[in-house]
There are 2 protein chains.
Amino acid sequence: MNIKEAGARAGLPPKTIRYYEEVGLIRPLRDTNGYRVFRETDVHKLGFLGRARALGFTLEDCRVLLSLYEDKSRASADVKDIAQRHLDQISAKISALQDMQATLSHLVACCAGDDRPDCPILTGLAAPE
Amino acid sequence: MNIKEAGARAGLPPKTIRYYEEVGLIRPLRDTNGYRVFRETDVHKLGFLGRARALGFTLEDCRVLLSLYEDKSRASADVKDIAQRHLDQISAKISALQDMQATLSHLVACCAGDDRPDCPILTGLAAPE
DNA sequence: TATAGGGGTTCCTGTTACTGGAAGGTCAAT
DNA sequence: ATTGACCTTCCAGTAACAGGAACCCCTATA
């Protein structure tokens with residue numbers, strides 16, 4: 001099948017698929033006219049990549065996960081390790097965002113939001129505390 | 001003062017300060033030798049930018065916030081608007097991350113993490129559900 | 001058979017907010 | 001005079017694509 005159908009079935013835009021090939025994550029065949037030809041296994045890999053990306057893994061993580069997926073003598077510990085590290089990063093990001101949220105929502109709550117210039121948000125940004 | 005001291009006082013690396021000048025967020029003076037010269041108001045602005053960035057505002061938001069800060073006839077509603085929109089984005093990001101966290105931590109909890117190949121994480125990535 | 005459309009291809013640019021590094025000028029102290 | 005710590009500009013790289021230009025290919029229809 002061609003790139004558009006492969007994309008539709010894997011839930012990825014053609015641009016992304018071409019990019020994945022460029023960075024060596026997939027290797028679709030080529031037709032005599034130069035068109036990429038996708039097999040079922042290619043679509044399967046694309047789906048794998050799409051789901052891994054949706055979970056926030058970097059493409060480099062995806063590369064390793066994909067190679068582990070195809071390595072039948074893998075140790076699940078290696079997979080778990082990558083996933084756990086990623087979970088840690090997710091937690092860190094959530095915390096950082098929650099800190100921002102707490103600070104900012106406090107400032108916003110204190111702001112009248114009318115046509116006068118006085119604004120605790122700007123005051124808060126102008127000086128700590 | 002020179003860029004290093006300005007950076008130390010505002011909590012920003014010199015590289016970042018040069019970048020802020022390049023994109024027009026600040027306009028420090030120049031000494032005859034070509035060195036940037038920072039006044040108190042410049043350091044003040046840099047501090048403002050640093051705190052806005054720490055709250056996750058984009059540089060474009062920072063640009064607008066800074067101009068509002070200097071506009072004594074501003075309406076606080078304009079500031080609040082920007083902040084509220086940013087809060088909404090923060091909430092959306094937190095939700096997305098929490099979804100990832102929920103899915104991934106479930107998979108991780110199901111993975112033995114030993115030297116055997118069987119791995120629910122990979123299985124989960126290979127097929128939805 | 002000419003053409004229109006809807007594919008496909010490569011290549012280049014732009015995105016965000018910097019960071020690292022090279023090549024070279026400046027300044028204060030020894 | 002030299003050393004070392006500053007400073008300068010400019011270029012490349014980062015992540016993961018998206019948009020668009022210029023061009024090729026294939027099929028169906030008038």
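Chain A is the first sequence line, chain B the second, and so forth, proteins listed ahead of strands; every chain is numbered from 1.
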Over how many whole Å does the gap from A:E22 atom CD to C:dT10 atom P extend?
-> 10 Å
Between D:dC17, C:dT19, D:dC7, which nucleotide has the shortest distance from any of its atoms to the side chain of B:I3?
-> D:dC7
Hey, does the side chain of A:T16 come within less than 4.0 Å of D:dA18's phosphate (OP1/OP2), counting only N and O?
-> yes
Between P of C:dA17 and CG of B:D61, the distance in whole Å | 9 Å
Between B:L59 and B:N33, which is nearer to the 5' end of DNA chain C once each is assigned its nearest nucleotide?
-> B:L59
Over 12 non-hydrogen atoms of neighbours within 6.0 angstrom of CZ in B:R116 = no
What is the nucleic acid contact for A:P14, judged by heavy atoms within less than 4.0 Å: base, sugar-phosphate only, or nothing?
-> nothing
To the nearest Å, how far apart are A:L25 CG and D:dA16 P?
-> 10 Å
Here the distance between atom P of D:dA16 and atom CG of A:L46, to the nearest Å, is 16 Å
Distance below 4.0 Å between B:R53 side-chain N/O and C:dC18 OP1 or OP2 = yes
Report which part of the nucleic acid B:R18 touches: base, sugar-phosphate, or nothing (heavy-atom distance under 4.0 Å, all strands).
-> base
Are B:S76 and A:D114 close enough that a side-chain donor and a side-chain acceptor fall under 3.5 Å?
-> yes
Integer-rounded Å distance: C:dT26 C1' and B:Y35 OH | 4 Å
Figure out the CD/C1' separation between A:E21 and D:dC17, and round it to whole Å.
-> 15 Å
Answer with yes or no whether A:K4 presents, from its side chain, a donor or acceptor under 3.5 Å of a partner atom in the base of C:dG6.
-> no
Is B:R36 salt-bridged to B:E21, cutoff N-O under 4.0 Å?
-> yes
Look at the side chain of A:N2 and decide which nucleotide, out of D:dC17, C:dC18, C:dG8, has an atom nearest to it.
-> C:dG8
To the nearest Å, how far apart are A:L29 CG and C:dG8 P?
-> 16 Å
In whole angstroms, the gap separating P of D:dC24 from CG of A:D31 amounts to 18 Å
Charged N to carboxylate O under 4.0 angstrom, B:R74 versus B:D78?
-> no
So, the side chain of A:N2 versus the backbone of A:K4: is there a donor-acceptor pair under 3.5 Å, distance only?
-> no
Does the side chain of B:Y20 get closer than 4.0 angstrom to OP1 or OP2 of C:dC18 through an N or O atom?
-> yes
Return the 5'-most residue of the pair B:K15, B:E5 with respect to DNA chain D, ranking by each residue's nearest nucleotide.
-> B:E5
Between C:dT10 and A:R36, is there an OP1 or OP2 to side-chain N/O distance shorter than 4.0 Å?
-> yes
